[in-house]
Amino acid sequence: MTEYAGEPDRQDRKKILEAIKNKLSLVPEQPGCYLMKNREGTIIYVGKAKVLRNRLRSYFTGSHTIKTQLLVNDIVDFEYIVTANNMEALILECNLIKKYYPRYNVLLKDDKSFPYIKITNEKHPRLEVTRRVLKDKAKYFGPYPNPYAAGATKKLLDRLYPLRKCKTLPDRVCLYYHLGQCIAPCEYEVEQETYDKMVHEISRFLSGGHNEIKQELTRKMHEAAEELNFERAKELRDQIQHIDTVMEKQKITTTDTVDRDVFGFAVDKGWMCVQILYMRQGKLIERHASSFPYYGEAYDDFLTFVTQYYSENPALPKEVFLPAWTEGQQPAPSLEAAAAVEAPAMEDRAGQMVAEAGTAYSTDADMEPADDPAEADDPAGSGSKADVKEALESWLKVKVHIPRRGLKKNMVDMACDNARVSLEEKFRLIERDADRTVKAVENLGQWLGLGTVHRIEAFDNSNIQGSDPVSAMVVFTNGKPDRKEYRKYKIRTVQGPDDYETMREVVRRRYERVLKEGLQMPDLIVIDGGRGHMSAAIDVLENELGLYIPVCGLVKDAKHKTAQLLIGDPAEVVPVPRDSQEFYLLQRIQDEVHRFAITFHRETRAKSMTVSQLDAIPGIGEKRRKALLKHFGSLKKIKEAEVADFKPLGIGEKLADQILSALNGRNSDSSPEAGELQEEIQQADAD
């Protein structure tokens, strides 16, 4: 039997494990990085280790979680790179992950896109919000987890400091100059001293000196009021209010002015949530949570997240706080272990941090750990922790704290608590959505007198004046779309715009096949339409096929939204409340079948329009039409071709010119009927 790429059989797997075992005996007991490969030779996981041999052996001995076992089952080979120390391994791991993007590693996909405020390094500097951090000698401030905060701060600075706004200097002054937000270097000579002063003021503002600037504005406002210049005083007052709005939003405050990032994480059910608390100038201004599946050791994958987060990031804080970790210890309360931790405990901790802030913190911006013995990190006795701290400090050139007690520990605990709550919320939302969907299916069955409707099949037709008629069917199983069961139908027997006959044909074709192939019968059939559509479907099912499947109709209102549910013969309205989960489920079904049908109709219409446009040209038959489409690939490329491009197909200059003239509108149909048809197409697309 031919063996294809995929899960190897047992004998093959046994040989692979034997080869890995032999290779493991040759691995040195040194620090470094390892790269796991799958059957195709693709790198699927990158890790680092203080002792390569011990770490690699741990993957193939003992028991693992389900997620780790999935990783191990995919491994057929490995490579390793020896490094001089842990710091080199840390940096190498980060670079290898960014190079290979292994599927089982923690990959930052959205967290690198945080916005920064940038002062460009140019002759006439500009202020801008950017998500790309480059080594261009510009000044970066951030990151801002909330993009709105970055934009609002830039708008405020534009009002206060009139740096140039245009990327390229225009020929004359623009509107920003007249608004007082640009000093117009395009027309007026600006001294370098002026720029240096504004850049210094902006840097001071973004580095926490906004209180001094606010005091200066307040002084100027009072002077303007004394001079009876009330318009100027009002402008200054508005600027002060903007500063209060943008800069003073905070949750907890400390008396020092240190920029720090506080990390915490929690793990459960194979998922990890990392929470970052951003403290700027001693104020907690923002937080950000990232949730993702992890496959390796929890703390190792957490450190991988941290290293990726800070790689190529010039806007570093002065301090980084990380949670502690020792062998056999949980890094943060898991959901089960922390079930007894209530929300008030987090509030108490935050309150304690505020209360202790005045005495617990030194005013020294550097804040050496020895300044406060109660908050000092553990002695470097725990080797792994000390290695992590030393490696990160050497690489990032910032202070890294892994506190065990005191206010610093409270900060880290707060981040861990927030990570746990975020992860718990994620699982609860999933459970609630599942519960709501199941409950909606049960309640819908009760409204219709059918019990639980596990399988629902819904139909919708789509055509324009009877042209290119199609129909579509979608399937919902236990309230969720089952896209593998979706079906498309091109109408064969109906001529003209006859929705009822179209419904008859589609229902007949669908359930003749269900009977013939012994497919699963639905518990409920949903028709996108009213009484006429329902009657057509019921007539085919009962009188032609002998099937007695409940059929209901969904009627739309004038705004093309689900309005009523009909069932029975004759059809009667079922009074399902419009704010119920059952009605929401019906809306989803109707929207999905309409989307599927209209998408199929657009595809069919596009193909038929291509065929009809070519067929309408004298001298183009079916054979030449197929040759043209095969050679050029699409109607658009035929339109863009030159006369000489048709020569390989045996088409002369005269016919080629006729083809291009017809397709490019020089012989276009401008009749009223064509205009009406185009309007109907646009209306159908809008629906």
Side-chain angles (χ1 to χ4, degrees), residues 436-462 471-482 485-487 489 499-512 514-515 519-598 687:
R436 284 181 174 180
T437 301
V438 172
K439 193 68 176 175
V441 171
E442 293 175 355
N443 291 345
L444 180 61
Q446 292 176 4
W447 278 105
L448 301 175
L450 304 175
T452 303
V453 284
H454 296 288
R455 183 182 176 91
I456 299 174
E457 296 185 357
F459 295 85
D460 188 21
N461 303 328
S462 183
S471 191
M473 180 196 76
V474 301
V475 177
F476 275 63
T477 303
N478 293 325
K480 297 180 180 179
D482 190 353
E485 298 287 324
Y486 286 14
R487 295 294 181 268
Y489 298 91
D499 254 12
Y500 299 153
E501 286 303 316
T502 299
M503 188 60 67
R504 285 176 180 273
E505 177 185 330
V506 173
V507 171
R508 184 184 299 113
R509 286 166 58 185
R510 167 62 183 169
Y511 294 104
E512 279 180 348
V514 169
L515 290 171
L519 303 177
Q520 183 180 355
M521 288 285 183
D523 300 309
L524 176 67
I525 295 174
V526 175
I527 304 297
D528 189 349
R531 291 177 172 84
H533 296 82
M534 290 175 59
S535 297
I538 292 171
D539 181 46
V540 171
L541 289 168
E542 296 182 358
N543 299 328
E544 296 185 24
L545 304 177
L547 297 174
Y548 294 89
I549 304 172
V551 177
C552 70
L554 292 175
V555 182
K556 295 179 180 177
D557 57 20
K559 296 182 179 179
H560 213 68
K561 301 295 183 183
T562 307
Q564 288 182 329
L565 172 65
L566 305 175
I567 195 169
D569 191 14
E572 296 180 355
V573 176
V574 181
V576 179
R578 299 195 66 161
D579 59 349
S580 65
Q581 287 296 319
E582 305 89 83
F583 198 84
Y584 175 59
L585 174 61
L586 293 172
Q587 285 179 319
R588 286 168 52 209
I589 293 173
Q590 189 170 38
D591 291 344
E592 178 68 0
V593 70
H594 179 72
R595 178 200 65 80
F596 193 52
I598 199 69
D687 292 340

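Keep in mind that the numbers below use all heavy atoms, side chains included, and drop hydrogens, waters and symmetry copies.
Contact of the Thr477 side chain with the Glu485 side chain is not registered, since no non-hydrogen atoms from C-beta on lie closer than 4.5 Å. Using a 4.5 Å heavy-atom cutoff, the side chains of Val474 and Pro481 are not in contact.
In this structure, the separation between CZ on Arg595 and CD on Gln590 is 14.0 Å, given to the nearest 0.5 Å. Once rounded to the nearest 0.5 Å, the distance linking OG of Ser471 with CG of Asp499 reads 8.5 Å. Between Ile525 atom CD1 and Ile567 atom CD1 the span is 11.0 Å, to the nearest 0.5 Å. In this structure, CG on Asp569 lies 4.5 Å from CD1 on Ile538, to the nearest 0.5 angstrom. Separation of atoms CE (Met503) and NE2 (His533) is listed at 5.5 Å; rounding is to 0.5 Å. A distance of 7.5 Å separates CZ of Arg508 from CD of Glu501, quoted to the nearest 0.5 Å.
Heavy atoms from other residues, nucleotides or ligands lying under 6.0 Å from CD of Glu544 number more than 12.
Of the possible donor and acceptor atoms, none in the side chain of Asp482 sits under 3.5 Å from a partner among the backbone N and O of Val475. Formation of a donor-acceptor pair under 3.5 Å by the Asp523 side chain with backbone atoms of Arg455 is found in this model. Proximity of a side-chain donor or acceptor of Arg588 to a complementary backbone N or O of Gly479 within less than 3.5 Å is detected.
Contact between Ala458 and Ile589 at its shortest, heavy atoms only, is CB-CG2, 3.6 Å. Across all non-hydrogen atoms, the minimal contact from Ala472 to Phe596 is CB-CD2, 3.6 Å. Lys556 approaches Ala563 most closely through the heavy-atom pair C-CB, 4.1 Å. Residues Val555 and Gly530 come closest through the heavy atom pair CG2-CA, 4.0 Å. Closest of all the heavy-atom pairs between Pro577 and Phe583 is O-CB, 3.3 Å. Contact detail for Phe459 and Arg510: the closest heavy-atom pair is CZ-CG, 3.9 Å.
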Pair Gln581-Val576, side chain to side chain contact (heavy atoms under 4.5 Å, CB included): steps then yes or no: CA-CA 10 Å; Gln581 287 296 319; Val576 179; over 6 Å; no

Derivation of the side chain to side chain contact (heavy atoms under 4.5 Å, CB included) call for Glu457 and Ile549: CA-CA 11 Å; Glu457 296 185 357; Ile549 304 172; over 6 Å; no

Evaluation steps, side chain to side chain contact (heavy atoms under 4.5 Å, CB included), between Thr437 and Lys480: CA-CA 8 Å; Thr437 301; Lys480 297 180 180 179; 4.3 Å; yes

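Looking at Tyr486 and Glu592, their side chains do bring a donor and an acceptor atom within 3.5 Å of each other.
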Check: residues 440-451 side-chain donor-acceptor pairs under 3.5 Å, at least two apart:
residue, atom, partner, partner atom, Å
Asn443, ND2, Lys439, O, 3.4
Trp447, NE1, Glu582, OE1, 3.1

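Here the options are Val526, Val574, Val573, the test is side-chain contact (heavy atoms from CB on, under 4.5 Å), and the partner is Leu565; only Val574 passes.
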